[in-house]
**Student:** 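The structure is given below, and queries will be raised subsequently.
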Amino acid sequence: MKIAAVRGFRDILPEESAVWQRMETQARASFAAYGFSEIILPVIEKTELFARAIGETTDIVEKEMYTFTDRDESSLTLRPEGTASVIRAYIEHSLSHREPVSKLFYLGPMFRRERPQKGRYRQFHQIGAEILGRDDPLIDAELLLMLNDFFTALRLDVAIDVNSLGDAACRPRYRESLRAFGESKLAVLCENCHARLQRNPLRLLDCKEPGCRQAMADAPALTDFLCDPCRDHFTRVQAYLHQENVAFALNPRLVRGLDYYCRTSFEVIAQGLGSQNAVCGGGRYDGLVEQLGGPAVPGIGFAIGVERLVMLLQTQEHDLSPAPDLFIVPLGEAAESQAFSLARRLRQGGARVELESGSRGLKAQMRRAGKLGARYVLILGENELVAGKGTVRDMQSKSDRPMAIDLTLPAPAMIEAIRNVSSQPSADKD
RNA sequence: GUGGGUGUAGCUCAGCUGGCAGAGCACUGGGUUGUGGCCCCAGGGGUCGAGGGUUCAAAUCCCUUCACUCACCCCA
């Protein structure tokens, strides 16, 4: 009986992991430019951490977490997101005492037990970044700038949506106003929205049901309810973005699903991913550190969905695994044994070398070399063994122009000699 | 958790109202005793997702089940 991977969990095969690596490298580069350092976090935390950070009544905490009881009866959970852990670590190691501002990024697997679909898995990966310690608009803008730079560097065509969710001073008033408005439209709202009305009225704004959209079209706007400090903050964030020509759309219906968000909130939306089209989401969470037992330190951050981003990159280009510089073709057992050592020497000299089995025919091996896209082929047959010289061919040249290379040369000299094969001035009449 | 779609070769998929399990690509060997790509010939590969039922006969019809997938929900 075959054993398959667990539902919602999957393997990343080389074709995809190559794209993955490229994206990760770019993230590290972009984040470093803005002064972020990596924090490597555990995958398991106490359940209580997420319950308190994300919100007891969110879907994530209520029905999507992989929670289990450890042998000592404590309740542990596979992390469903990264921000809570960053803040736990921030408090635990008193980072606020060491420096006034911490810029941290992390990457790794997250776990949510949802029904899998395109762009949504039970184990998925996020790259996240957090800035703890500053709440001025410049910081919000800087974080968005960094995101913009990152997506631009990857040549991805995405749209950034921005909104302000207000804070503890103004949001409650808005929530009540929205609830009242929702009550008045009760008859036309869908069943889901009836539930939202009770649990989280803000979510009425982003229902996809056409009827609900229409009903909520002239609902009170959050922007009209912002208190003066929040309004001012948001205005200045936008001013910085304009100053740097960052394209973004103001989306007053943008609502985030985690309870801790306030003020500046944003999403990065991509085309061509189906319904799971948010590749990045984030926002400010000023009360969260305090709420988790730390000092009153403001914070803002985002998380990028790696799988979704990789899917995007794959539709735009396809990376191939690296082609070997040299493909060694041994003919027979004696040649194979020599080729084995030769391959190792050249690899240690820095060349990418592929080696076939000496039991296969010349034609088959040449075919394989062509398939892999090898630049040069070195043939090691009876003749070559006697002469102590390998026959080298440049696979990119159409004419058959083999060169004999001395097998006793040290690796660097041999690599040099092989490279020279293609620059030989011998009659080349392509 | 709720709906829809799909399960046949390594991959993409044909296979009608039941009648010998198929194609393309990939892989292997050959056409040229030692020179790839194009072309030609040949070959290996299958529990037709699983279990049960109907039938002389099931990939095909019926039931059950599992998996995958898309959407809702939610989110990255």
Side-chain angles (χ1 to χ4, degrees), chain A residues 1-8 10 13 15 54 57-65 80-83 107 109-128 147 190-193 195-196 199-200 203 206-209 255-258 261 266-270 273-283 301-312 327 329-332 335 356-357 359-385 391-402:
Chain A
M1 188 170 78
K2 271 193 256 183
I3 298 178
V6 175
R7 181 175 173 78
R10 64 191 197 110
L13 300 179
E15 202 181 329
I54 301 172
T57 61
T58 56
D59 277 18
I60 295 180
V61 172
E62 273 190 339
K63 48 195 186 196
E64 295 175 359
M65 295 204 302
E81 57 112 50
T83 301
L107 49 88
M110 307 293 162
F111 306 85
R112 294 182 199 173
R113 200 180 184 292
E114 302 178 89
R115 185 90 172 255
Q117 70 182 72
K118 187 182 175 75
R120 190 171 80 183
Y121 305 96
R122 290 182 171 181
Q123 175 179 333
F124 61 103
H125 295 73
Q126 287 187 337
I127 298 182
L147 263 181
C190 70
E191 225 173 279
N192 278 320
C193 281
R196 291 185 177 112
R199 312 279 310 262
N200 190 352
R203 296 224 74 97
D206 65 350
C207 183
K208 288 172 187 166
E209 211 63 50
V255 171
R256 310 251 62 240
L258 285 60
Y261 287 116
F266 51 90
E267 262 176 24
V268 180
I269 308 295
L273 287 183
S275 69
Q276 305 300 314
N277 60 354
V279 292
C280 172
F302 63 73
I304 293 168
V306 174
E307 279 80 358
R308 294 176 189 182
L309 208 50
V310 166
M311 273 195 280
L312 270 186
F327 190 96
V329 173
L331 300 171
E356 257 287 1
S357 157
S359 61
R360 298 193 67 197
L362 175 64
K363 177 175 182 163
Q365 297 200 54
M366 289 301 291
R367 213 177 252 166
R368 176 82 182 145
K371 187 130 219 156
L372 287 180
R375 178 64 205 267
Y376 301 100
V377 165
L378 186 149
I379 297 168
L380 214 53
E382 264 180 57
N383 303 341
E384 285 80 6
L385 287 185
T391 300
V392 175
R393 249 204 74 182
D394 176 2
M395 295 294 274
Q396 285 178 15
S397 132
K398 287 173 191 166
S399 57
D400 186 9
R401 244 183 329 114

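Below, read A as the first sequence line, B as the second, and so on, with proteins coming before strands; counting in each chain starts at 1. Just the heavy atoms: all of them, side chains too, but no hydrogens, waters or symmetry mates, feed the values below.
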**Student:** Does B:C25 have a Watson-Crick or wobble partner in any strand here, with both distances under 3.5 angstrom, and which is it?
**Tutor:**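 Paired with B:C25, as far as the under-3.5 Å criterion goes, is B:G10.
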
**Student:** Pick the nucleotide of RNA chain B nearest each of A:Val306 and A:Leu273; which residue has the one closer to the 5' end?
**Tutor:**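 Checking each residue's closest nucleotide, the 5'-ward one belongs to A:Leu273.
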
**Student:** Looking at A:Arg203, I'd like to know whether one of its side-chain N or O atoms comes within less than 4.0 Å of OP1 or OP2 on B:C75.
**Tutor:**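 So the side chain of A:Arg203 is within the cut-off, an N or O lying under 4.0 Å from OP1 or OP2 of B:C75.
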
**Student:** Nearest to the side chain of A:Arg112 - B:G34, B:G36, B:A76?
**Tutor:**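 The nucleotide sitting nearest to the side chain is B:A76.
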
**Student:** Given the rule in the side-chain contact (heavy atoms from CB on, under 4.5 Å) test, do A:Val268 and A:Phe302 qualify, once you have shown the distances and angles that lead to the verdict?
**Tutor:** CA-CA 10 Å; A:Val268 180; A:Phe302 63 73; over 6 Å; no

**Student:** In this structure, how many angstroms lie between the P atom of B:U6 and the NZ atom of A:Lys118, rounded?
**Tutor:**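 Distance check: A:Lys118 NZ to B:U6 P gives 18 Å.
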
**Student:** In terms of the nearest nucleotide of RNA chain B, which residue is placed more toward the 5' end: A:Gly381 or A:Ala364?
**Tutor:**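 With A:Gly381 and A:Ala364 compared, the 5'-side residue is A:Ala364.
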
**Student:** Taking only the side-chain heavy atoms of A:Asn383 (C-beta and beyond), determine which of B:A76, B:C73, B:G34 contains the nearest atom.
**Tutor:**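 So the side chain of A:Asn383 is nearest to B:G34.
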
**Student:** For a quick check of understanding: with a heavy-atom distance under 4.0 Å over all strands, which category does A:Gly119 fall into, base, sugar-phosphate or nothing?
**Tutor:**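 Base, at least one base heavy atom under 4.0 Å.
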
**Student:** Heavy atoms under 4.0 Å, any strand shown: does A:Glu64 hit a base, just sugar-phosphate, or nothing?
**Tutor:**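 A:Glu64: backbone/sugar contact only, no base atoms under 4.0 Å.
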
**Student:** At under 4.0 Å, does any side-chain N or O of A:Lys363 touch on OP1 or OP2 of B:U33?
**Tutor:**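 No, outside the criterion.
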
**Student:** What's the shortest heavy-atom distance between A:Ala335 and A:Leu331, and which atoms?
**Tutor:**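 Residues A:Ala335 and A:Leu331, closest heavy atoms: CB-O, 3.4 Å.
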
**Student:** Measuring only the C1' atom in each nucleotide, how far is B:A14 from B:G46? A whole number of Å is fine.
**Tutor:**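 So the two C1' atoms sit 16 Å from each other.
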
**Student:** If pairing requires Watson-Crick or G-U wobble contacts with both distances under 3.5 Å, which nucleotide is the partner of B:U54?
**Tutor:**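 Base partner found: none.
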
**Student:** Which part of the nucleic acid, if any, lies within reach of A:Ile379 when heavy atoms closer than 4.0 Å are counted: base, sugar-phosphate only, or nothing?
**Tutor:**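 Base, at least one base atom sits under 4.0 Å.
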
**Student:** Rounded to whole Å, please give me the gap between CG in A:Leu362 and C1' in B:G36.
**Tutor:**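 So the CG-C1' distance, A:Leu362 to B:G36, works out to 9 Å.
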
**Student:** Between B:C25 and B:G43, how far apart are the two P atoms, rounded to whole Å?
**Tutor:**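 Looking at atom P only, B:C25 and B:G43 are 16 Å apart.
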
**Student:** Do A:Arg7 and A:Arg122 come close enough that some side-chain heavy atom pair is under 4.5 Å?
**Tutor:**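 Yes, their side chains come closer than 4.5 Å.
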
**Student:** Across all strands shown, which nucleotide pairs with B:U33 by Watson-Crick or G-U wobble geometry, both distances under 3.5 Å?
**Tutor:**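 With both distances under 3.5 Å required, B:U33 matches none.
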
**Student:** Would you say the base of B:C75 and the side-chain of A:Arg308 have a donor-acceptor pair closer than 3.5 Å?
**Tutor:**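 Between B:C75 and A:Arg308, which were checked side chain against base, a qualifying N/O pair under 3.5 Å is present.
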
**Student:** Side-chain contact, heavy-atom cut-off 4.5 Å: A:Pro109 with A:His125?
**Tutor:**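 When only atoms from C-beta onward are counted, A:His125 and A:Pro109 do touch, with a gap below 4.5 Å.
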
**Student:** A:Gln276 side chain: which of B:C75, B:G34, B:G30 is closest?
**Tutor:**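 Taking heavy atoms from C-beta onward, the closest nucleotide is B:C75.
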
**Student:** Atom CD of A:Glu384 and atom C1' of B:U35: how far apart are they, to the nearest Å?
**Tutor:**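 After rounding, the gap between these two atoms is 11 Å.
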
**Student:** Under 4.0 Å: is that the gap between some side-chain N or O of A:Gln117 and OP1 or OP2 of B:C70?
**Tutor:**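 So the side-chain polar atoms of A:Gln117 never come under 4.0 Å of the phosphate oxygens OP1 or OP2 of B:C70.
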
**Student:** Ignoring hydrogens and angles, answer whether the base of B:C74 and the side-chain atoms of A:Arg120 contain a donor-acceptor pair closer than 3.5 Å.
**Tutor:**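 In this structure, the two groups form a donor-acceptor pair.
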
**Student:** Could you tell me how far B:G29 sits from B:C70 if I compare only their C1' atoms? Round to whole Å.
**Tutor:**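 Roughly 43 Å separates the two C1' atoms.
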
**Student:** Are any of A:Arg7's side-chain N or O atoms less than 4.0 Å away from OP1 or OP2 of B:A67?
**Tutor:**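 For B:A67, neither OP1 nor OP2 has a side-chain N or O of A:Arg7 closer than 4.0 Å.
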
**Student:** As a test of reading the structure: which of B:A76, B:G30, B:G34 is closest to the side chain of A:Ala303, going by heavy atoms?
**Tutor:**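 Shortest atom-to-atom distance from the side chain points to B:A76.
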
**Student:** Using the C1' atom on both, measure B:U12 against B:U69 and round to a whole Å.
**Tutor:**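 That atom pair is separated by 16 Å.
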
**Student:** Kindly point out which of B:G1, B:G37, B:G34 is positioned nearest to the side chain of A:Arg393?
**Tutor:**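 Among the listed nucleotides, the one closest to the side chain of A:Arg393 is B:G37.
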
**Student:** For B:C70 and A:Ser275 - does any side-chain N or O of the residue sit under 4.0 Å from the phosphate oxygens OP1/OP2?
**Tutor:**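 Looking at the OP1 and OP2 atoms of B:C70, neither is under 4.0 Å from any side-chain N or O of A:Ser275.
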
**Student:** Applying a 4.0 Å non-hydrogen cut-off, can you work out what A:Phe327 is touching in the nucleic acid: base, sugar-phosphate, or nothing?
**Tutor:**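 Counting heavy atoms under 4.0 Å across all strands, no contact is made by A:Phe327.
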
**Student:** Find the distance A:Lys63:NZ to B:C73:P and express it as a whole number of Å.
**Tutor:**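 So the NZ-P distance, A:Lys63 to B:C73, works out to 12 Å.
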
**Student:** Which nucleotide, if any, forms a Watson-Crick or G-U wobble pair with B:G1, using both distances under 3.5 Å?
**Tutor:**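 Base-paired to B:C72.
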
**Student:** What distance, rounded to whole Å, do you find between the two C1' atoms, one in B:G7 and one in B:C74?
**Tutor:**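 Going atom to atom, C1' in each nucleotide, I get 28 Å.
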
**Student:** Specify the separation, in whole Å, of atom CD1 of A:Ile60 and atom C1' of B:C73.
**Tutor:**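 It is 13 Å, rounded to the nearest whole Å.
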
**Student:** Distance from A:Ile60 atom CD1 to A:Phe111 atom CZ, nearest 0.5 Å?
**Tutor:**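 With rounding to 0.5 Å, CD1 (A:Ile60) is 14.5 Å from CZ (A:Phe111).
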
**Student:** Taking B:G44 as the reference, what is the distance to B:G22 when you measure between their C1' atoms (whole Å, please)?
**Tutor:**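 It works out to 16 Å between them.
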
**Student:** Would you say B:U35 has OP1 or OP2 under 4.0 Å from some side-chain N or O of A:Arg367?
**Tutor:**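 Looking at the OP1 and OP2 atoms of B:U35, neither is under 4.0 Å from any side-chain N or O of A:Arg367.
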
**Student:** Output the rounded distance in Å from CE (A:Met366) to P (B:U32).
**Tutor:**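 Those two atoms, CE and P, are 18 Å apart.
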
**Student:** Please report the shortest heavy-atom distance between A:Gln396 and A:Arg375, naming the atom on each side.
**Tutor:**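 Closest heavy-atom pair between A:Gln396 and A:Arg375: NE2-CD, 3.2 Å.
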
**Student:** Using atom C1' of each nucleotide, how far apart are B:U65 and B:C75 to the nearest Å?
**Tutor:**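 My reading of the C1' atoms in B:U65 and B:C75 gives 31 Å.
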
**Student:** Are any of the side-chain heavy atoms of A:Glu384 and A:Leu378 separated by less than 4.5 Å?
**Tutor:**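 Of all side-chain heavy-atom pairs linking A:Leu378 with A:Glu384, none is under 4.5 Å.
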
**Student:** Go through the N and O atoms of the side chain of A:Gln396 and the base of B:G36, and report whether any donor-acceptor pair is under 3.5 Å.
**Tutor:**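 Side chain to base: no pair below 3.5 Å.
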
**Student:** Is the closest side-chain heavy-atom distance between A:Glu64 and A:Asp59 below 4.5 Å?
**Tutor:**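 With C-beta onward as the side chain, the pair touches.
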
**Student:** Give one of base, sugar-phosphate or nothing for A:Ala369, where a contact means two heavy atoms less than 4.0 Å apart.
**Tutor:**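 No contact at all - A:Ala369 keeps every heavy atom at 4.0 Å or more from the nucleic acid.
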
**Student:** Taking CD from A:Glu267 and C1' from B:A76, how many angstroms apart are they, rounded to a whole number?
**Tutor:**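 Distance, rounded to whole Å: 9 Å.
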
**Student:** With rounding to the closest Å, how many angstrom separate the C1' atoms on B:G45 and B:G24?
**Tutor:**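 About 16 Å, rounded to a whole number of Å.
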
**Student:** Identify whether any heavy atom of A:Arg113 sits under 4.0 Å from a base atom; if not, whether one sits that close to sugar-phosphate; answer base, sugar-phosphate or nothing.
**Tutor:**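 Here A:Arg113 touches no strand at all.
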
**Student:** Just the rounded figure in Å: distance from C1' of B:C75 to CE of A:Met311.
**Tutor:**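 In whole Å, B:C75 C1' lies 13 Å from A:Met311 CE.
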
**Student:** Can you tell which of B:U69, B:C74, B:G29 lies closest to the side chain of A:Arg360?
**Tutor:**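 Nearest to the side chain of A:Arg360 among the choices is B:G29.
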
**Student:** Among B:G34, B:U2, B:C74, which nucleotide has an atom closest to any side-chain atom of A:Thr391?
**Tutor:**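 Closest nucleotide to the A:Thr391 side chain: B:G34.
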
**Student:** May I ask you to test the A:Leu107-A:Val306 pair for a side-chain heavy-atom distance under 4.5 Å?
**Tutor:**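 A side-chain contact is absent here, since even the closest heavy-atom pair is not under 4.5 Å.
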
**Student:** A:Glu382 side chain: which of B:G34, B:G3, B:C74 is closest?
**Tutor:**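 For the A:Glu382 side chain, the nearest candidate turns out to be B:G34.
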
